[in-house]
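Okay, structure first, notes after.
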2 protein chains.
Amino acid sequence: MDLALAEAEAAAARGEVPVGAAVIDAAGRVLARAGNRVEELADPGAHAEMLAIREACRALGSPRLVDCDLYVTLEPCPMCAQAISLARIRRLYWGADDPKGGGTVNGARIFAAASCHHRPELYGGFGAERAARLLTDFFKARR
Amino acid sequence: MDLALAEAEAAAARGEVPVGAAVIDAAGRVLARAGNRVEELADPGAHAEMLAIREACRALGSPRLVDCDLYVTLEPCPMCAQAISLARIRRLYWGADDPKGGGTVNGARIFAAASCHHRPELYGGFGAERAARLLTDFFKARR
């Protein structure tokens with residue numbers, strides 16, 4: 001989660017909503033790390049999780065990340081949660097919950113849908129305070 | 001929808017699940033067209049809608065596709081439905097419903113969540129028969 005938090009800090013420095021993610025394989029190797037780049041890439045899909053999954057898949061040459069875990073500083077939105085399911089991520093660790101935009105334990109609760117074909121193990125609250133403070137400071141500075 | 005169906009046919013020819021999409025602006029210009037490339041790109045996020053949205057955003061230089069419409073041959077999954085919401089798509093037209101993997105009128109029903117910030121106008125059933133036949137033929141040939 002420290003890697004993900006560092007990516008979130010780097011995103012904030014670029015003027016992006018500070019969210020960071022990392023994908024780790026079963027041996028503990030870091031396959032990918034990424035921060036949010038929605039504004040830079042002008043891509044609404046360029047959330048940290050999406051970029052990290054894409055990079056990890058490229059590293060493995062497969063659209064499936066079997067036995068890999070994803071760390072992200074904020075509860076994934078429905079788009080990212082579904083991508084995590086499609087990628088067959090084993091364990092999902094996240095920092096702060098996101099009642100407004102989350103789709104994991106809030107909102108559309110992607111993994112709770114009967115038609116969800118793969119559910120990772122879910123672990124929330126990792127480094128939540130630091131992750132939430134990054135977001136609060138970012139939006140405070142923009143107001 | 002003819003453009004989206006042509007993209008779906010091209011996807012099938014590449015060995016990809018045949019789904020195609022196109023983004024049209026308010027003046028009727030085609031901003032982007034794309035077919036599914038999950039296997040080719042080894043990217044679980046490379047659904048037709050995601051690729052078309054990314055390309056259209058690049059064309060406009062903005063992560064928001066205000067006043068643009070998206071045509072897709074199959075009901076969007078939850079990932080794509082959320083990306084459509086994030087991109088502020090005005091109208092969503094789709095072909096066949098997808099009770100197993102859809103997230104628009106099936107499954108997680110992304111646009112029905114109270115926390116969904118932008119809902120496009122929804123129009124299903126456009127070219128549904130041709131879209132569904134493409135999928136049926138594809139999976140039949142693979143068995």
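Letters go in sequence order (proteins before strands), and every chain restarts at 1.
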Heavy-atom pairs under 4.5 Å with chain B - which of A/Arg64, A/Met79, A/Arg58 has more of them than the others? A/Met79

Nearest 0.5 Å, what's the CE-CE distance between A/Met50 and B/Met50? 3.5 Å

Applying a strict under-4.5 Å side-chain criterion to I, L, V, M, F, W and Y, I'd like to know whether B/Leu65 and B/Ile84 cluster together. yes

Would you say the side chain of B/Pro63 lies within less than 4.5 Å of the side chain of A/Glu39, judging by non-hydrogen atoms? yes

Only pairs of heavy atoms separated by less than 4.5 Å count here; which of A/Ala108, A/Ser85, A/Cys116 has the most with chain B? A/Ala108

Cluster check B/Phe111, B/Val105: I/L/V/M/F/W/Y, side chain < 4.5 angstrom: yes

Taking CD in B/Glu129 as the centre, count heavy atoms belonging to other residues, nucleotides or ligands within less than 6.0 Å. Is the count above 12? no

Gap separating the CG atom of A/Asp43 from the CD1 atom of B/Ile53, nearest 0.5 angstrom: 8.5 Å

Using side-chain heavy atoms (C-beta onward) and a distance below 4.5 Å, is B/Gln82 in contact with A/Cys77? yes

Between B/Ala114 and chain A, which part of the residue has a heavy atom less than 4.5 Å away: side chain, backbone, both or neither? neither

Under 4.5 Å between side-chain heavy atoms, counting indirect links through other Ile/Leu/Val/Met/Phe/Trp/Tyr residues: same cluster for A/Leu134 and A/Val17 or not? no

State plainly whether one hydrophobic cluster holds both B/Ile24 and B/Leu74, where clusters connect Ile, Leu, Val, Met, Phe, Trp and Tyr through side-chain heavy atoms under 4.5 angstrom apart. no

Hey, are the side chains of B/Pro44 and A/Cys57 touching, using non-hydrogen atoms and a 4.5 Å cut-off? yes

Let's test your reading of the structure: which of B/Ala46, B/Pro78, B/Gly107 forms the most heavy-atom pairs below 4.5 Å with chain A? B/Pro78

Going only through I, L, V, M, F, W and Y residues with side-chain contacts under 4.5 Å, is there a path from A/Trp94 to A/Val30? no

Student check: side-chain heavy atoms of A/His47 and B/Leu86 closer than 4.5 Å: yes

If you look at every heavy atom in A/Ser115 and B/Pro99, which pair is closest and at what distance? CB-O, 4.3 Å

Report which part of B/Ala113 has an atom under 4.5 Å of a heavy atom belonging to chain A: side chain, backbone, both, or neither. side chain

